[in-house]
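Report on one structure; see the data block that follows.
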Amino acid sequence: LDRQRARNRFAGQHVELTDRLAAPGGSPDALLLKARFGQAFQQALRDAVSRLSRQERNVLRMHITGHCSIDEIGRAYNVHRATAARWLERTRTQIYEEVRQELCVKSKNLTSSEFKSLATIMGAELELSLSRSSDRSSDGGRQG
């Protein structure tokens with residue numbers, strides 16, 4: 001019930017990544033990277049989240065949108081907190097690598113250093129995007 005109340009409390013506070021990209025502030029280089037690659041980054045992120053298993057999406061959703069601690073996730077799955085932490089870290093790493101692969105290797109839009117800069121710049125936006133993407137993917141993604 002507490003998680004449901006928290007979800008309802010934060011439901012109206014989601015902000016689209018593109019809205020955040022348009023927000024003023026930041027260095028000119030950061031704004032340029034966001035303007036040039038923000039949409040591609042967002043799409044690659046959505047695609048990566050959609051390929052997660054049901055459990056991976058649920059753990060990510062619990063942590064990001066449900067604001068659950070690793071201890072709470074562990075209790076929900078009846079596993080040790082270290083296992084829950086490994087699941088979360090593995091999922092985040094998988095998403096990061098898939099987005100990097102899409103933007104740096106497949107499309108060759110960014111160099112590795114540019115991608116690192118973009119990922120750093122978009123740190124806050126990344127959590128918001130994961131939150132929105134995991135909500136949308138909860139019904140239609142891969143069953144795992």
Side-chain angles (χ1 to χ4, degrees), residues 1-23 25-27 29-31 33-34 36-144:
L1 289 174
D2 289 340
R3 282 191 218 120
Q4 183 62 36
R5 283 186 203 113
R7 183 177 305 135
N8 290 338
R9 185 175 65 220
F10 293 108
Q13 295 179 354
H14 291 294
V15 177
E16 281 288 343
L17 174 62
T18 52
D19 294 340
R20 293 292 301 267
L21 292 175
S27 71
D29 290 339
L31 292 174
L33 270 176
K34 286 180 182 182
R36 286 184 63 203
F37 301 109
Q39 188 172 3
F41 187 94
Q42 183 180 17
Q43 184 60 50
L45 181 64
R46 264 194 230 111
D47 293 345
V49 171
S50 73
R51 288 189 289 269
L52 295 174
S53 70
R54 175 181 279 171
Q55 179 182 338
E56 290 166 333
R57 280 193 316 272
N58 286 338
V59 167
L60 193 62
R61 187 180 309 107
M62 288 173 73
H63 185 67
I64 293 174
T65 64
H67 305 284
C68 294
S69 68
I70 292 170
D71 292 314
E72 291 169 320
I73 294 169
R75 281 193 298 274
Y77 281 95
N78 199 28
V79 296
H80 191 273
R81 69 183 308 275
T83 301
R86 282 192 300 272
W87 288 350
L88 188 58
E89 182 60 28
R90 183 178 61 226
T91 299
R92 286 181 170 191
T93 300
Q94 178 181 339
I95 290 169
Y96 181 90
E97 285 303 316
E98 286 187 23
V99 172
R100 187 191 65 75
Q101 186 80 6
E102 180 63 33
L103 295 177
C104 295
V105 178
K106 289 181 184 175
S107 64
K108 297 184 180 182
N109 287 335
L110 292 170
T111 65
S112 292
S113 62
E114 288 172 330
F115 177 76
K116 286 178 187 177
S117 295
L118 182 62
T120 299
I121 290 165
M122 298 180 75
E125 288 90 345
L126 180 60
E127 293 243 343
L128 288 172
S129 295
L130 287 173
S131 173
R132 292 189 58 81
S133 297
S134 65
D135 286 343
R136 280 189 288 243
S137 300
S138 64
D139 297 325
R142 184 175 86 203
Q143 303 296 313

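Contact record, Arg57 with Ser50: NH1-O, 4.2 Å, taken as the closest heavy-atom pair. Across Cys68 and Ile73, no two heavy atoms sit closer than the pair CB-CG1, 4.0 Å.
Evaluation of the salt bridge (charged side-chain N to carboxylate O under 4.0 Å, His left out) rule for Arg81 yields Asp71 as partners, not counting sequence neighbours. In terms of the side-chain hydrogen bond (donor to acceptor under 3.5 Å, both in side chains) criterion, residue partners of Gln43 (sequence neighbours excluded) are, by chain and number, Arg46, Asp47. The side-chain hydrogen bond (donor to acceptor under 3.5 Å, both in side chains) test applied to Arg75 returns no partner, not counting sequence neighbours. With sequence neighbours left out, Ser112 forms a side-chain hydrogen bond (donor to acceptor under 3.5 Å, both in side chains) with no residue at all.
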Return all side-chain donor-acceptor pairs below 3.5 angstrom for residues 98-105, not counting sequence neighbours, or 'none' if the list is empty.
{"unit_1": "Glu98", "atom_1": "OE1", "unit_2": "Arg51", "atom_2": "NE", "d": "2.9"}
{"unit_1": "Glu98", "atom_1": "OE1", "unit_2": "Arg51", "atom_2": "NH2", "d": "3.0"}
{"unit_1": "Glu98", "atom_1": "OE2", "unit_2": "Gln94", "atom_2": "NE2", "d": "3.3"}
{"unit_1": "Arg100", "atom_1": "NE", "unit_2": "Glu97", "atom_2": "OE1", "d": "3.0"}
{"unit_1": "Arg100", "atom_1": "NH2", "unit_2": "Glu97", "atom_2": "OE1", "d": "3.0"}

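Going from atom CD1 of Ile70 over to atom NE2 of His80 covers 11.5 Å, rounded to the nearest 0.5 Å. For the atom pair CZ of Arg92 and CD1 of Ile64, the computed distance is 5.5 Å after rounding to the nearest 0.5 Å. Atom-to-atom distance recorded for His63:NE2 and Leu88:CG is 5.0 Å, nearest 0.5 angstrom.
Contact check for Tyr77 versus Thr83: no side-chain heavy atoms found under the 4.5 Å cut-off.
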_Criterion side-chain hydrogen bond (donor to acceptor under 3.5 Å, both in side chains) on Thr93 and Arg90, from CA distance to verdict_ = CA-CA 5 Å; Thr93 300; Arg90 183 178 61 226; over 6 Å; no
*What do the steps show when you test Thr91 against Val59 for side chain to side chain contact (heavy atoms under 4.5 Å, CB included), and what is the final call?*
CA-CA 9 Å; Thr91 299; Val59 167; 5.6 Å; no
*Yes or no on side chain to side chain contact (heavy atoms under 4.5 Å, CB included) for Phe41 and Leu110, after CA distance, side-chain angles and deciding distance?*
CA-CA 10 Å; Phe41 187 94; Leu110 292 170; 6.0 Å; no
